[in-house]
Amino acid sequence: MESITNLTVHELVEKLKNNELTSEEITKAYIDRINEKEKDVDAFVTLTTDEALNESKKIDEERKENKELSEYAGIPIGIKDNLCTKGVKTTCSSKMLENFVSPYDATVVEKLNKEGIISLGKLNMDEFAMGSSTENSAIKITHNPWDLSRVPGGSSGGSAAAVAGNFVPWALGSDTGGSIREPAAFCGVVGLKPTYGLVSRYGLVAFASSLDQVGPITKDVKDSAMLLNIISGHDEKDSTSYDVEKKDYLQNLEKDLTGIKIGVPKEFFGEGINKEVKEQLEKAIETYKKLGATVEETSLDVAKASLAAYYIIACAEASSNLGRFDGIRYGYRAKDFNSLKELYVNSRTEGFGDEVKRRIILGTYVLSSGYYDAYYKKAQKVRTYVKNEFNKAFSKYDVLLTPVSPSTAFKIGEKCNNPLEMYLADICTVSINIASVPAISLPCGVDSNGMPVGMQLIGNRFEEEKILNVAYKFEQEIKFRENHKPTFKK
Amino acid sequence: MTVSKEELLHIANLADIKIKDEEIDKYLNNLQDILNYTELLNSMNLDELDETIGANDSSNVFRKDEIAQFDNKEGIMANAPEKERNMFKIPKVLN
């Protein structure tokens, strides 16, 4: 049933409304698709397809009885495995949480449930969201549906691959330094990192609390706006979530781009950015000019400083956040120990993977006595610098346009042995988290291998409607989904 | 800054992580690579800037200190690696 699974959520919503499809038919189509293709991609850590099918039948009954339901009731979804789901495992793709069943739902999951949206399962990721390729998962390696020998990006690689492969109509991811946008770019789908504080982090397993945000990974921009409508909003359980007036992100999509000013920061197109990526973005710039936007080259020299500050701040926060995994109340406990200290050390040493341990050690180092001023304090000042630079840019431009990643999806295993090289994959995305601003990643073309190239549109804080508008008009113009499809080539 | 082997082992101990002898060089190299990259921050003039504390401008967020019941205590205890009479069990800490 390729035809159903190829539909976007807004198309599915129409078909449900017009009684052309039932929730059961939609859910079954996705389950068939998963049964056929998941073995090649390995996007899921946990499947909940039986529960989903039962739920879909229940919703169809309720719809028949004319019960008042959300328009999204009966639409399936996939959820990144670092979002807590009551009664279903939340592993963070770590041995540490391999058998952890959350006793409560994350706020965003609660919001999905309230709409009657049905989870098909939990999606693979880099362990504790630390990575850019999903190769750091302790559970399995996820393959890119456009070329199975390549990575799907990370850390929300399972989410992006599942949306690209039509295993789910949309998915939730999380983004600390690019973990929604980079996999979205690698898999040719749309990923949005909202402004820090727009979406509740309650029930998102913490990596770097001042940078983490939950956001949508979708087939198109309209679906992204729809899912943002559902998950955004203040939550008293997350005191860093903002109490701002709730917007309807669908309102502004069709607006004409005349008068919109787009800045193109030249530093994001410098050394290290692949030539073919640049070429596709240059074409995108021409498209925007045709659409009536004003496009200008500008300067925003924040990428390298942000990356350096990011790895200090994110690792520092991670070393503190991951201190809770001690083998006492939940999570992995080592078999052999002779004292409480040994229980901690052995459980953490055996339960965490290499990259997680590397970051905990780096984070502990930069926070330790004697080094705090040289690293952490300095990084926090850089954060102020980066925020100021973005403020200056947004005093001149509505939106900034950059690449998402220096390259398209790389081969599995290519960057595994060099952590710094892997970190450089985040060079275009981390400054956005450092500055707390929103950004969307959407496909703008393919390279000579047929791999999708992502474009990043960055907006000012709480101006998601602007980047969604600018992204939507572009998508309507180039019609990427009509012209390019994942091939599942081996 | 150069990280020594002794420093690495001290930090690992603080973080409750054991590094095997054969892993020491790898950890040292990786750590040094990343710290070297952050050296570029030293060339920036940051003297006039304040630190950013937290991601947004709001300072303290207050709420009433009210007791709320959590309805799934069984769900919490079900995750305990070892328990006894509804309590988490740990090795003996006092002799």
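Naming: A, B, ... by sequence-line order, numbering from 1 per chain. In what follows, every heavy atom counts, from backbone to side chain, and hydrogens, waters and symmetry copies are set aside.
- Here the OG1-CG distance, from Thr38(B) to Leu307(A), works out to 10.5 Å after rounding to the nearest 0.5 Å.
- With a threshold of 4.5 angstrom between heavy atoms, Phe70(B) approaches chain A through side-chain atoms but not through N, CA, C or O.
- When each of Ala374(A), Gly197(A), Pro103(A), Ser368(A) is scored by its heavy-atom pairs under 4.5 Å with chain B, the top score falls to Pro103(A).
- Comparing Ala80(B), Ala15(B), Ala78(B) by heavy-atom pairs within less than 4.5 Å of chain A, the highest count is held by Ala15(B).
- No other option in Ile34(B), Leu31(B), Leu35(B), Leu14(B) has as many heavy-atom pairs under 4.5 Å with chain A as Leu35(B).
- Contact annotation for Tyr375(A): only side-chain heavy atoms (C-beta onward) come within less than 4.5 Å of a heavy atom of chain B.
- For the pair Tyr37(B) and Tyr423(A), the minimum side-chain heavy-atom distance is 4.5 Å or more.
- The structure places CG of Leu362(A) at 11.5 Å from CG of Asp33(B), a figure rounded to the nearest 0.5 Å.
- Checked for salt-bridge contact, Arg63(B) and Glu236(A) miss the test: no charged N lies under 4.0 Å from a carboxylate O.
- Residues Asn72(B) and Lys86(A) share a closest heavy-atom pair of ND2-CE, 3.7 Å.
- Taking NZ from Lys378(A) and CG from Leu49(B), the interatomic distance works out to 13.0 Å, rounded to the nearest 0.5 Å.
- Leu40(B) touches chain A through its side chain: at least one heavy atom from C-beta onward sits under 4.5 Å away, while N, CA, C and O do not.
- Contact count against chain B (heavy-atom pairs under 4.5 Å) is highest for Val101(A) among Ile312(A), Val101(A), Asn346(A), Thr195(A).
- Contacts between Asn388(A) and chain B at a heavy-atom distance below 4.5 Å involve the side chain alone, from C-beta outward.
- Inter-residue side-chain proximity for Ile361(A) and Ile19(B) is flagged as met; some heavy-atom pair is nearer than 4.5 Å.
- Once rounded to the nearest 0.5 Å, the distance linking NZ of Lys89(B) with CZ of Arg333(A) reads 9.0 Å.
- Heavy-atom distances place the side chain of Glu7(B), and not its backbone, under 4.5 Å from chain A.
- Interface residue Asp47(B): only backbone heavy atoms are found under 4.5 Å from chain A.
- Contacts with chain B were tallied for Tyr371(A), Tyr365(A), Tyr330(A); Tyr365(A) has the most, counting heavy-atom pairs under 4.5 Å.
- Here the shortest heavy-atom pairing between Leu343(A) and Pro91(B) reads CD1-CD, 3.4 Å.
- Counted within 6.0 Å of NZ on Lys95(A), heavy atoms from surrounding residues, nucleotides or ligands total more than 12; the atom is thus considered enclosed.
- The shortest distance between side-chain heavy atoms of Lys341(A) and Asp16(B) falls below 4.5 Å.
- For the residue pair Lys18(B) and Thr349(A), the shortest heavy atom distance occurs at N-OG1, 2.9 Å.
- Within the model, atoms OH of Tyr344(A) and CD1 of Ile90(B) stand 6.5 Å from one another, a figure rounded to the nearest 0.5 Å.
- Although no hydrogens or angles enter the test, the distance criterion places a donor-acceptor pair under 3.5 Å between the side chain of Gln380(A) and the main chain of Thr52(B).
- Put simply, CG on Asn30(B) and NZ on Lys357(A) are 13.0 Å apart, with the number rounded to the nearest 0.5 Å.
- Heavy-atom minimum distance, Pro81(B) versus Gly331(A): CG-O, 3.6 Å.
- Using a 4.5 Å cut-off between heavy atoms, Asn13(B) touches chain A through backbone and side chain atoms alike.
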